[in-house]
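The structure under discussion appears below in the form of structure tokens.
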Amino acid sequence: RVARGTAVVVSVALPPLVTVPDVRGRQRGDAVGLLTAASLKNDVTNDPAAAIAPGLVSAQAPAPGSQVDVGTVVRLQLAVGVVVPSVIGISTHDAQARIASVGLRGNVREVRTEAARAGTVFQQSPVADERVARGSVVELSLARAPLVTVPDLAQRTRAEAESLARAAGLAVAFAED
């Protein structure tokens, strides 16, 4: 007890402040570990629009370097990427459209091969069902008919020339003089 009007000093213990670590670009487990070590809590949500590799933290709040109370919740956004669609066996136009529809870009390389129907995609990288960052490039191999050697048809009869040309895989048409 003190007399009325006496000055009283009150000390209030404030929780200590901690610095929010920068966890952007880190794997989820690493990010959560750093926050826990800093006496912070976390709340993770998926970020399907992130243009970084799946599984990495794309954003955080409060911002790195902020001074916050012990136990503050740091909101993390985790890049989940997009699933690469299968484009094997379809035309380049359709493959490009399918890839673009999920936020990816296609790069086409023509390859002469007998392994696939000409004009269709026969290889892709990354493969279908792989998760990649939005905006990633999918390499497409487009089948083109292989080159053939044209046989010497000079001095041949029409029937011989046609037979040799067809045997080489060529279409035959004769021009009349």
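Atoms OG and CD1, on Ser136 and Ile52 in that order, are 11.0 Å from each other to the nearest 0.5 Å. Considering OG1 of Thr92 and CG of Leu142, their distance stands at 3.5 Å, rounded to 0.5 Å.
In terms of hydrophobic clustering, with Ile, Leu, Val, Met, Phe, Trp and Tyr side chains grouped at heavy-atom distances under 4.5 Å, Val102 and Ile99 are assigned to a common cluster. When hydrophobic clusters are built by joining Ile, Leu, Val, Met, Phe, Trp and Tyr residues whose side-chain heavy atoms come closer than 4.5 Å, directly or via intermediates, Val18 is not grouped with Val73. Placement of Leu164 and Leu170 in two distinct hydrophobic clusters is found when ILVMFWY residues are connected by side-chain heavy-atom separations under 4.5 Å, directly or transitively. The hydrophobic cluster containing Val23 also contains Val44, counting ILVMFWY residues as joined when their side-chain heavy atoms lie under 4.5 angstrom apart, directly or transitively. Hydrophobic clustering (ILVMFWY, side-chain heavy atoms < 4.5 Å, transitive): Val132 and Val121 are in one cluster.
Leu104 and Pro85 make their closest contact through CD1-CD, 4.2 Å (heavy atoms, listed as atom of the first residue, atom of the second, distance). Contact record, Arg117 with Thr120: O-OG1, 2.6 Å, taken as the closest heavy-atom pair.
The side-chain heavy atoms of Arg131 and Val82, taken from C-beta on, include no pair separated by under 4.5 Å. At a threshold of 4.5 Å between non-hydrogen side-chain atoms, the residues Leu78 and Asp47 do not count as touching. By the 4.5 Å heavy-atom criterion applied to side chains, Val138 and Asn107 are not counted as neighbours.
Here the side chain of Gln124 pairs a donor or acceptor atom with the backbone of Pro126 at under 3.5 angstrom. The backbone N or O of Gln60 sits nowhere less than 3.5 Å from a side-chain atom of Arg75 that would complete a donor-acceptor pair.
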Show the numbers, then the answer: is there a side chain to side chain contact (heavy atoms under 4.5 Å, CB included) between Val111 and Phe122?
-> CA-CA 9 Å; Val111 178; Phe122 72 98; 3.8 Å; yes
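Electrostatic pairing of Glu162 and Arg166 counts as a salt bridge here, judged by a charged N lying under 4.0 Å from a carboxylate O.
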